[in-house]
There are 2 protein chains.
Amino acid sequence: MSVAVSPLAPKTYPDMPAIDGVRIATAEAGVKYKGRTDLLTMVFDEGTTAAGVFTQSKCPSAPVELCRENLAGGEARILVVNSGNANAFTGKKGRATTSAVGEAAAAAVKADKSTVFMASTGVIGEPLPAERITGFLEGMAAKAAPGGWLEAARAIMTTDTYPKVATATVRLGEHDVVINGIAKGAGMIAPDMATMLSFVATDAPIAAPVLQDLLSRGTGKTFNAVTVDSDTSTSDTLMMFATGAAAKRGVTPINDLKDPRLAGFRRALNRILKNLALQIVRDGEGARKQLEITVTGAKSSRSAKKIAMSIANSPLVKTAVAGEDANWGRVVMAVGKAGEPAERDLLSIWFGDIRVAHEGERDPAYSEEETSAYMKKDEITLRVDLGLGRGKATVWTCDLTKEYVAINGDYRS
Amino acid sequence: MSVAVSPLAPKTYPDMPAIDGVRIATAEAGVKYKGRTDLLTMVFDEGTTAAGVFTQSKCPSAPVELCRENLAGGEARILVVNSGNANAFTGKKGRATTSAVGEAAAAAVKADKSTVFMASTGVIGEPLPAERITGFLEGMAAKAAPGGWLEAARAIMTTDTYPKVATATVRLGEHDVVINGIAKGAGMIAPDMATMLSFVATDAPIAAPVLQDLLSRGTGKTFNAVTVDSDTSTSDTLMMFATGAAAKRGVTPINDLKDPRLAGFRRALNRILKNLALQIVRDGEGARKQLEITVTGAKSSRSAKKIAMSIANSPLVKTAVAGEDANWGRVVMAVGKAGEPAERDLLSIWFGDIRVAHEGERDPAYSEEETSAYMKKDEITLRVDLGLGRGKATVWTCDLTKEYVAINGDYRS
């Protein structure tokens, strides 16, 4: 099992500013790992709004069920995240745990238990005793402090090879507000470590329904446009919290989606979501290359995205990229199997700027040598034009290497 | 790149009887490979009916288009199959080739060109000059002889590690008739070798519409119930030919699907289709284990099959089987992502006879040791009961090993 840091890891980390209204603490709870932090609490000031997007799995984890339930209230006072155990497929025991942790967390911040949010990542099917977490919460709530975002990102790692953070400062009317985000995972990064988690916070005063709309729309071209291995986790959770603390600095609250100040905020948020999503792809199991796939000329954007995902999830395309092979025959195969409108004889395909196929045939001008040189890069772009309409989509994935099989074929225990 | 014979290859081959009305010839045409046969012709007596099932790809190969067109006539006089080049994604050149080969083949057997069927398997996107094939056809038609089924299976191999044949003799009313079949491939077995091909013939006198119904219904639980890597080829072709020669021995023709003699014939045919389909799985890229997946208790059979295929195509389930890991957490994940009705807390999961999970939790009686011993077998069965209804389906796949990545990540040229 590979423990080396991904060759696609960021070279440097940004300075993560504190966010007014958010306090952070981490702890070594020993849920499963020893000698590292595995428990994170984020404590939010009163009035913090929440939004969330969760796994589409029909068998979601117990924490995902709790978050969905509490999101109805739209208010957040504390987030509790543990690594080492996903509390997924744990039946009634799983719900007993989320309930007990929820009560202890609520007591620790003296708030209603409907304002507690929770996420767990790690082994599936192993009961998670609430006691491993509850005893830490009061102390953590007391010592929670502004800052500590990189430490927060570290505490939620499972077999991630690097912590994932992103930040932006954005003008909201006359004032600056901050957006910070952290993430972990890469689809299903390692044996039973089945979770993509991401948490974003801002001090902007944004009403919960507006926040939910920003987040839901933001995921389509970011988190929902990446794939490592087509395997959707039982625990995927993306949450966003807006403390509203910037209101104290004179920022008037945003209660309406049509607020003109949202345009810049939305752009900055989407950049952060994309940044975090790409960091996950670049830490995909065994990944050595990032592959950006753009489909243009489709009947619709939905159709373009379905075809792009069919390419991104094809084991044959992904192994070809690992082998530095501009194997456009497999790209045609993946277009054909997507089940979406496509005309073989209108297809064109590019690797980088090199057009390798045109009008349903190999491009006569295509240079094997030039293409081979391009395929040695660690960031590959692939474009397919269908020649049918104006639908367009971009998705991201990584290559499929022997290390993926090694990491995931190692025995569970 | 592995060239060793699959550990799951059959230990012995059946004796393949001749089929009255079918004559076979193979040749070393040198389409791509040297020192081996790569061209097959099957010549059929007048009155032979044909049926076919083809790839669902939106970008099918030129030979698939030709077969679909000619199938409208329902009559077959010659089948031409080459390995080494798939004639897929070859644009107008590809259609010119199928047209020229079709004319030469028709001339060789002095029949109408609408009775010619064709299949090509090998590299995608490389033009296939008709001259590499046409010059051989007259000679092959002349020397074609009864028997030679194992040689036929060898001529259509690409990187298959063994030829795939099956036979059955079945009572039709008062008389015996024979069904023979050959197949090649395993989804997308090797770099650019993108084809699953299978051809079945019988001397039973069966009208084309009846034959088509038998074949179409037969594929659902056989060829359409296997997967190696979820990648659908541009060239998948399954064809069946009925020479009717048994009529000379007194078998009255079958023109009606309600003919009671069909029951036994259908059972024998379905056994052959399943046998060939499983031989393909067992020769899947890098395969070391066969995995049979049965889903019971689903809302419908369609729903059961979709869930079974979601499990069979999950890279994480397949790598776990390669690692001899009874990783039922990943099975839950794959059930959850299928998008079909499922209730986490009703799920039960068995590896072999060992129930590892029950009512949405780990089975308390589950023995890790016993399960580990079971997972060392080379044929693994997995059963998931959803507890919702009576829908049921079984599918077959192989494990995902490092050899799969090695075979498919090797450079194309």
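Proteins get letters first, then strands, A, B, ... in listed order; numbering begins at 1 in each. Worth knowing before you read on, the calculation uses all heavy atoms, side chains too, and leaves out hydrogens, waters and symmetry mates.
Scanning both residues, B/Ala342 and A/Cys59, for their nearest heavy atoms gives CB-SG, 4.5 Å. Here the closest heavy-atom approach between residue A/Thr319 and residue B/Val405 is recorded as CG2-CA, 4.0 Å. Residues B/Pro315 and A/Tyr404 come closest through the heavy atom pair CB-OH, 3.3 Å. The two residues A/Ala357 and B/Phe89 have their closest heavy-atom pair at CB-CE2, 3.8 Å.
Considering NZ of B/Lys58 and CD1 of A/Ile307, their distance stands at 10.0 Å, rounded to 0.5 Å. Here the CD-NZ distance, from A/Glu403 to B/Lys402, works out to 8.0 Å after rounding to the nearest 0.5 Å. Atom CD1 of B/Ile124 is separated from atom CZ of A/Arg362 by 13.0 Å, given to the nearest 0.5 angstrom. Taking CG from A/Asn313 and CG from B/Asn313, the interatomic distance works out to 10.5 Å, rounded to the nearest 0.5 Å.
When each of B/Ala88, B/Pro60, B/Ala338 is scored by its heavy-atom pairs under 4.5 Å with chain A, the top score falls to B/Pro60. Contact tally against chain A (heavy-atom pairs below 4.5 Å) for B/Glu343, B/Glu340, B/Glu359, B/Lys92: the top residue is B/Glu340.
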